[in-house]
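To start, the structure under review is shown below, and the notes come after it.
Chain letters run A, B, ... following the sequence lines, proteins first and then strands; every chain starts at 1.
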Amino acid sequence: MTDEKPVHFIKQIIEDDIASGRWGEPGDRSIVRTRFPPEPNGFLHIGHAKAICLSFGLAAEYGGTCNLRFDDTNPTREEDAYVRSIIGDVKWLGFEWDGEVKYASDYFGQFHAWAVELIETGKAYVDDQTPEQIRATRGTPTAPGTNSPFRDRAIDENLDLFAKMKAGGFPDGSRVLRAKIDMKSPNFNLRDPVIYRILHARHHRTGADWSIYPMYDWAHGLEDSIEGITHSLCTLEFEIHRPLYDWFIDAINEGRSEPIHHPQQTEFARLNLTYTVLSKRRLLELVEGGQVTGWDDPRMPTISGYRRRGYTPEAIRSFVGEVGITKFDSVIDVGRLENACREHLNRAAPRRMCVLNPLRVTITNWGEGGDENRVEMMDAVNNPEDDSAGTRPVPFGRTLYIEREDFMEDPPRKFFRLGIGREVRLRYAYWVKCHDVVKDERGEVIELLCTYDPATRGGDSPPPDAQGKVRKVKGTLHWVSAAHALDVEVRLFDRLFSVESPARKPKDEGDDWDFKTNLNPGSLTVVQAKLEPNWRGESDPKWADGIERFQFERQGYFCVDCDSSDQSPVFNRTATLRDSWARATNKR
RNA sequence: UGCCCGAUGGUGUAAGGGUAGCACAGCAGUUUUUGGUACUGCUAGUCCAGGUUCGAAUCCUGGUCGGGUAACCA
């Protein structure tokens, strides 16, 4: 891979740091140490994929390392099940972390020791105020906060109280440890932020060992410091926390002969996608409300959803790479993610023929050459983008299915498909001409009667006529032999939301407005389709994640869903093919 | 209201005082046994007002617009 990626502002910082020797010997590129620090309280979504690709990708690019570290400082909402799903998602995306998986909870002892140091140096105090009191005295954007009456408590008393907090001697919410910074700071984060709160909750890793738990701001920089992180990358909403990130480390280091490591936090814009909701809260609402079947519903923008939908890690990485890294809060057209997926699958997916909406076709002159029940095996190319994929035999006989949309009794201009008196090519088989239709009592066409031209075997043009003219057809259709077709379930997915910004409340709506009103009622259609037999080819590519993916010709990309059994396969539509005919007809 | 951050075609993203480029979308065409793929061409942009400079997307000042921010969440 030699493709030149643009040098975004974070790389710029890294390049400068390498040149100046900020983190080691000048010129040493391997100094780059990053981390991906998810809280195990939900499933990862495509926005996290951006953060993952950035931090892991940068480390790989510079020959440094990236840690996978769970920020598990709030036992009331974190679960081991989320830990496992996140680990699986990061692996699936194709990244390797340095050493063991890490946890903030590994460092609880160290965090506590540093907190005690802060108390000893007079930079932290135990506050007996209630949460309500603390909130009320924090001030407003225009008005400064006021000091807690406990702010100037004696160091020994603070030490004693903090020890009792740790020992479990106080009920939840009764006291906190606060940093003594500045209640008048224009930055709320510096108005004596809470460092520790009392929580008698069972932690997924430390059990009942602790009855106090560190807050994010206290824990995060210290985790980074302990792990020797150089570039701590996070999203924009933490920008205003950076002064506090720095303050904590500086406070610990003040008067210390051997200062602890001080990483650099840098913020970038999170990913936003059109027609997509990317907040854990709203995604959870869909799961719990039953609007989707779970976190891994193929319509969900979660990593597990895209995986089940048939997206590839390559596609997601490529997409994330091309949207770039900036501090501008942008919205990416979800079509670009779909395009990235098409691009990879076009190169890699073996082709099959599958009729989603079958219409019966009888080849009325099939018996003329002999037995009308005869079956011919046609040679179909597995992947026109990859010669090494070879060909496969596909049976062709007197009765076939084609796509209902590929026939029109009264076709408009520029319709290249079948109509009465029209001739088309059946891909890799024969040219056929429709001479009659059969209708049911309601007048609906239920069968096409066609003749085939034996001189077009394989789909080739027939030899020129006496005047040297070659007959041509404009359309090529996919088909399956009725006698051999497999009945399969196919799930056709469309966008989950029908508006571009589904989370944006319209101006004329009240506070009770629900983003779920923007749900697309047609986001899932299930059809019974006709698939060519022997669709699991021996020469098919082995996908790294074990998911089988195909292109159904002229339809799109599909993968085998985990609901499948050997007897009854289920396919998910990953993405449609681009369809300029559909686009042209929609415009009219 | 305060503080922090940002602004380049429709959407993203480059250009680090010297020709505003690339991708996606759109439009037109070529090729094609997928109305797919590939390829070619076209359309279209520096938020506004001042200032510095021979020269500003870039530096400075002011404004406008957008985002973030007042959990014992992360």
Side-chain angles (χ1 to χ4, degrees), chain A residues 4 6-8 12 37-39 41-42 71-74 76-78 104 127 129-132 134-135 138-145 172-178 185-191 193-199 212-213 215-217 219-220 234-243 267 269-270 274 280 322-333 335-336 339-340 342-343 346-347 351 353 380-381 384-385 414-417 424-429 431 456 458-461 473-478 551-556 576-585:
Chain A
E4 267 176 53
V7 179
H8 51 70
Q12 205 58 256
E39 182 186 18
N41 70 341
D71 216 353
D72 54 351
T73 56
N74 186 350
T76 62
R77 19 191 261 176
E78 293 153 7
D127 194 344
Q129 295 186 105
T130 64
E132 294 71 32
I134 290 177
R135 206 173 308 131
R138 188 154 20 230
T140 68
T142 43
D172 286 6
S174 59
R175 280 179 174 79
V176 289
L177 184 69
R178 285 231 253 176
S185 172
N187 182 345
F188 273 94
N189 294 110
L190 299 178
R191 319 247 261 224
V194 173
I195 299 178
Y196 271 98
R197 78 281 215 186
I198 299 170
L199 233 40
I212 54 172
Y213 288 92
M215 299 291 292
Y216 165 85
D217 286 300
H220 204 89
C234 61
T235 44
L236 249 28
E237 67 270 27
F238 292 104
E239 199 163 28
I240 201 163
H241 292 247
R242 183 162 19 104
E267 311 83 13
R270 68 188 322 150
T274 57
K280 279 185 192 174
E322 72 191 28
V323 300
I325 301 295
T326 64
K327 298 186 73 159
F328 180 66
D329 192 27
S330 61
V331 184
I332 310 292
D333 183 347
R336 295 188 66 154
N339 281 347
R342 290 190 185 103
E343 198 187 332
N346 175 53
R347 275 182 280 130
R351 317 281 129 127
M353 289 195 287
V381 172
E385 308 292 320
K414 291 196 176 169
F415 183 79
F416 301 151
R417 282 108 99 145
V424 297
R425 169 171 34 235
L426 296 182
R427 191 150 159 89
Y428 302 127
W431 292 18
T456 58
D460 292 332
S461 294
V473 288
K474 286 221 142 145
T476 299
L477 311 186
H478 62 282
Q551 183 194 106
F552 291 166
E553 295 222 27
R554 303 209 305 134
Q555 290 288 358
T576 60
L577 254 30
R578 281 161 101 187
D579 187 345
S580 53
W581 169 244
R583 249 188 344 200
T585 52

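Using a 4.5 Å cut-off on side-chain heavy atoms (C-beta onward), A:Ile134 and A:Arg178 make contact. Residues A:Pro141 and A:Phe188 are in side-chain contact: their nearest non-hydrogen atoms beyond the backbone lie under 4.5 Å apart.
Side-chain atoms of A:Thr326 lie closest to B:U13 of the nucleotides B:U13, B:A70, B:C72. In this structure, of B:C5, B:G12, B:A14, it is B:C5 that holds the atom nearest to the side chain of A:Lys327. Distances from the side chain of A:Asn339 to the nucleotides B:C73, B:C3, B:C24 place B:C24 closest.
Here the closest heavy-atom approach between residue A:His8 and residue A:Ile325 is recorded as CB-O, 3.5 Å. Contact between A:Leu199 and A:Tyr213 at its shortest, heavy atoms only, is O-CE1, 3.3 Å. The heavy-atom pair separating A:Met353 from A:Arg427 by the smallest distance is CE-O, 4.2 Å. Nearest heavy atom pair, residue A:Asp71 against residue A:Glu78, reads O-OE2, 3.5 Å. Contact between A:Asp579 and A:Ala582 at its shortest, heavy atoms only, is OD1-N, 3.0 Å. Taking each heavy atom of A:Thr576 and A:Arg342 in turn, the nearest pair found is O-NE, 2.7 Å.
Between the CD1 atom of A:Ile240 and the C1' atom of B:G6 there is a distance of 14 Å, given to the nearest Å. When the C1' atom of B:C73 is taken as reference, atom CD of A:Glu237 falls 12 Å away, rounded to whole Å. Atom pair A:Asp333:CG and B:G12:P shows a separation of 9 Å (rounding to whole Å applied). Atom CZ of A:Phe328 and atom P of B:C65 are 16 Å apart (whole Å). For the pair A:Glu267 CD and B:G68 P, the computed distance is 15 Å after rounding to whole Å. Spacing between atom CG of A:Asp217 and atom P of B:A74 amounts to 8 Å, rounded to whole angstrom units. Per the geometry, CG belonging to A:Leu236 stands 10 Å off P belonging to B:G68, to the nearest Å. Note: CZ (A:Arg135) to C1' (B:C72) measures 9 Å, nearest angstrom.
Checking the phosphate oxygens (OP1, OP2) of B:A70, no side-chain nitrogen or oxygen of A:Thr140 falls inside 4.0 Å. Proximity of A:Arg242 to the phosphate of B:C3: no side-chain N or O atom is located under 4.0 Å from OP1 or OP2. An OP1 or OP2 oxygen of B:A74 is reached within less than 4.0 angstrom by a side-chain nitrogen or oxygen of A:Thr73. OP1 and OP2 of B:C72 both lie 4.0 Å or more from every side-chain N or O belonging to A:Arg178. Side-chain nitrogen and oxygen atoms of A:Asn41 include none within less than 4.0 Å of the OP1 or OP2 phosphate oxygen of B:C73.
Note on A:Arg77: a base of the nucleic acid sits closer than 4.0 angstrom, heavy atoms only. A:Leu199 comes within 4.0 angstrom of nothing in the nucleic acid, heavy atoms only. If you check every strand for non-hydrogen atoms under 4.0 Å, A:Val194 touches sugar and phosphate atoms only. Here A:Val381 lies out of heavy-atom contact (under 4.0 Å) with every strand. Using a 4.0 Å heavy-atom distance criterion, A:Ser185 is classed as making no nucleic acid contact. Counting any heavy atom pair closer than 4.0 Å across all strands shown, A:Tyr213 reaches no nucleic acid atom. Using a 4.0 Å heavy-atom cutoff across all strands shown, A:Glu132 reaches no nucleic acid atom at all. Among the heavy atoms of the strands lying under 4.0 Å from A:His241 is at least one base atom, whether or not backbone atoms are also near. Residue contacts shown for A:Ser461 are absent, as no nucleic acid heavy atom lies under 4.0 Å away. Using a 4.0 Å heavy-atom cutoff across all strands shown, A:Asn187 reaches no nucleic acid atom at all.
Atom P of B:G6 sits at a distance of 23 Å from the matching atom of B:G10, rounded to the whole Å. Across B:A56 and B:A49, the matching P atoms stand 14 Å from one another, rounded to whole Å. A distance of about 15 Å separates the C1' atoms of B:U43 and B:U11, rounded to the whole Å. Nucleotides B:G12 and B:G45 have their C1' atoms positioned 13 Å apart, rounded to a whole Å. For the C1' atom pair drawn from B:U58 and B:U53, the interatomic distance equals 13 Å after rounding to whole Å. Using C1' as the reference atom, B:A57 and B:G21 are 13 Å apart when rounded to the nearest Å. To the nearest whole angstrom, the two P atoms, one in B:A14 and one in B:U52, are 31 Å apart. Annotation: B:A74 and B:A38 have their C1' atoms spaced 47 Å apart (nearest Å).
In a base pair of the Watson-Crick type (N1 to N3 plus N6-O4 or O6-N4) or a G-U wobble (N1-O2 and O6-N3), with each distance short of 3.5 Å, B:U31 is matched with no nucleotide. The nucleotide B:C59 finds its pairing partner in B:G51, both defining distances of the Watson-Crick or G-U wobble pair being shorter than 3.5 Å. Base pairing annotation: B:U69 forms a Watson-Crick or G-U wobble pair with B:G2, both donor-acceptor distances under 3.5 Å. In this entry B:U11 has B:A23 as its Watson-Crick or G-U wobble partner, both defining distances falling under 3.5 Å.
Closest-nucleotide positions on RNA chain B for A:Tyr216 and A:Asp460 were compared, and the one nearer the 5' end corresponds to A:Asp460.
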Sequence-aligned protein contact record of nucleotides 34-44 of chain B, with B where the base is within under 4.0 Å of a protein heavy atom and S where only the sugar-phosphate is: BBBS-------

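Judged as a side-chain contact (heavy atoms from CB on, under 4.5 Å), and not counting sequence neighbours, the contacts of A:Asn189 are A:Asn187, A:Asp217, A:Ile240, A:His241, A:Leu244. Among residues two or more places apart in sequence or in another chain, the ring-ring contact (aromatic ring centres under 6.0 Å, His included) test is passed with A:His220 by A:Tyr216.
Taking syn as a glycosidic angle within 90° of 0, B:A71 qualifies as syn.
In this structure, OG1 in A:Thr73 is found 6.5 Å from CD in A:Glu39, a value given to the nearest 0.5 Å.
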